[in-house]
Amino acid sequence: KAEEEAAATAKAEEEAAVAAKAEEEAAAAAKAEEEAADAAKAEVEAAAVVKAEEEAAAALKVEEEATAAKKAEEETVALKKAEEEALAAKKVEEEAAKKAEEEAAAAKKSEEEAAAAKKTEDEATAAKKVEDEAATAKKVEEEAAAAKKVEEEAAAAKADEEAASAKKAEEESSALQNAEEEAAAAKEVEEKLAAEKKAADSARAKKDAELIAGKRAALAKAAEEMALESKNNSSKGTPQDRKMSIGAEVIGKKGPVPLLSPGDSGFPNLREAALPDGEFEELFGMEKEKFYKLRKWKQDQKKKEVGLF
C-alpha cells in the first residue's frame, strides 16, 4: 500500500510539474499577446498618421482599421481564453498539490503504523523469547533436582545394601564360629564319653554310656552339617534359624531322646534347642532368635544360670 501511495505521490508531482509548465506557457502566451497588443497599438497609431498624411487612402485605412479591430477582438478573445486556461491550470495545480500533500500525509501515517506494528511484533517476539528462556531454565532446574534426588536415592540404597551385606556377613561369620565351637565341644564330649565308656564297670553304665555316645554323635553330626550348610548354602534361612532347628532335626531323625539332667557328664551343648518356644522364652526370658544372636560366652552363661550348660 505504501508503495502504491508513493507511486501516486510521484504521479501527482509529475502532474504538478506539467501544470506548472502549462502555467509558464500561458504566461508566455500572455506576454506575447501583450506584445502583440503593443504592436497593434503602434500600428493603429501609424495608421492614424498615415490617415492624416494620406487622406486619399482613407477608404483603405478604414478597411485596415476594421481588419485591425477584428484582429484585436480575436486576440482579446484568445487572451481571455488563455487567461481562463491559466486559471484552470492553476486550479488543477493547487488541487494536485493538495492531493499530493494528503497522499504524503497518508503515506507518512501508513509508515508510522507499519513502524508501530513492527515495534509491537518485536516486543512480542522479545517477550516470547524471555518466556521460553525462563521455561528452559525452570526445566533445567527441575531436571537437575530430579537427577540429584535419584543420585541421593541411589546412594541411600547402596548404603542400605552395603549395611545389609555387612550385617549378613557378620551373622554368617558368627554362626560359622559358633558351629565350629559347638563341633569342637561335641568332639570333646565324644572323646570324654569314649573314656567314660571304657572306664565303666557295670553293664548299665556301659549301656548308658553307649546311649549318651549315640546322642553326642548325632549332635556332633548335626553341628557339622550346620557348619557345612552355613558355608555352602547361606540362602536357606538365617544361621540362627538353622542353629535353632538342630535339636528338632536330631530328635526327628533319631527318634525320642531322653533328656539328660544337668548333673550328667557330657551334657549336650545344644540341648536348649529342643525346648518348645514357650518353655524356652519362659526359661531364658527371650526368644530363641535373640538368644542365638548373643556371643558364645554369653549363651554359656545363660545356660549355666538355668542349669542347661
Side-chain angles (χ1 to χ4, degrees), residues 125-187 218-253 268-306 308-309:
T125 302
K128 188 174 185 302
K129 185 178 179 181
V130 170
E131 186 178 352
D132 293 342
E133 289 175 353
T136 302
K138 185 177 180 181
K139 184 177 180 181
V140 170
E141 185 177 353
E142 290 175 352
E143 291 176 352
K148 185 178 180 181
K149 184 177 180 181
V150 171
E151 185 178 352
E152 291 175 352
E153 291 176 351
K158 185 177 180 181
D160 293 342
E161 184 179 352
E162 290 176 353
S165 298
K167 184 177 180 182
K168 183 178 180 181
E170 185 179 354
E171 290 175 351
E172 290 178 352
S173 176
S174 176
L176 180 60
Q177 183 179 357
N178 290 338
E180 290 174 351
E181 291 176 355
E182 289 166 357
K187 185 176 181 181
L219 290 173
K221 185 177 180 181
E224 290 177 0
E225 289 177 356
M226 184 195 72
L228 181 61
E229 287 180 0
S230 66
K231 290 181 180 179
N232 300 328
N233 194 12
S234 60
S235 62
K236 296 182 179 180
T238 63
Q240 290 78 2
D241 293 336
R242 291 194 299 273
K243 186 159 62 174
M244 286 190 297
S245 65
I246 290 176
E249 289 178 359
V250 170
I251 292 173
K253 292 178 181 178
N269 196 34
L270 295 179
R271 178 183 175 188
E272 75 281 352
L275 293 174
D277 292 343
E279 293 182 12
F280 186 96
E281 292 178 12
E282 183 178 356
L283 190 61
F284 288 94
M286 65 181 69
E287 296 179 351
K288 289 183 180 180
E289 182 178 0
K290 186 175 180 180
F291 176 80
Y292 286 114
K293 286 182 179 180
L294 299 175
R295 295 286 186 179
K296 180 67 169 56
W297 66 269
K298 190 70 172 176
Q299 294 180 18
D300 293 344
Q301 183 179 357
K302 291 286 185 183
K303 294 177 185 178
K304 290 177 180 179
E305 291 176 357
V306 298
L308 292 178
F309 183 71

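Atoms considered below: every heavy atom in the structure, side chains included; atoms not considered: hydrogens, waters and symmetry mates. The structure displayed is predicted, hence computed values, not measured ones.
Atom NZ of Lys128 sits about 7.5 Å away from atom CD of Glu131, to the nearest 0.5 Å. Distance check, rounded to the nearest 0.5 Å: CZ of Phe309 to CD of Gln301 gives 11.0 Å. The OH atom of Tyr292 sits 12.0 Å away from the CE atom of Met286 when rounded to the nearest 0.5 Å. The line from CG of Asp132 to NZ of Lys139 is 12.0 Å long, rounded to the nearest 0.5 Å.
Counting non-hydrogen atoms of neighbouring residues, nucleotides and ligands closer than 6.0 angstrom, the CD atom of Glu133 exceeds 12 such neighbours. A 6.0 Å sphere centred on CD of Glu141 holds no more than 12 heavy atoms belonging to other residues, nucleotides or ligands.
Here the side chain of Lys288 pairs a donor or acceptor atom with the backbone of Leu275 at under 3.5 angstrom.
Closest approach of Leu308 to Leu283, counting heavy atoms only: CD1-CD2, 3.4 Å.
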Lys303/Phe291 under side chain to side chain contact (heavy atoms under 4.5 Å, CB included): CA gap, chis, key distance, verdict:
CA-CA 10 Å; Lys303 294 177 185 178; Phe291 176 80; 4.1 Å; yes
Where do Lys296 and Gln177 land on the side chain to side chain contact (heavy atoms under 4.5 Å, CB included) test, with the steps shown first?
CA-CA 9 Å; Lys296 180 67 169 56; Gln177 183 179 357; over 6 Å; no
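Between Phe284 and Gln299, the closest side-chain pair of non-hydrogen atoms is not below 4.5 Å.
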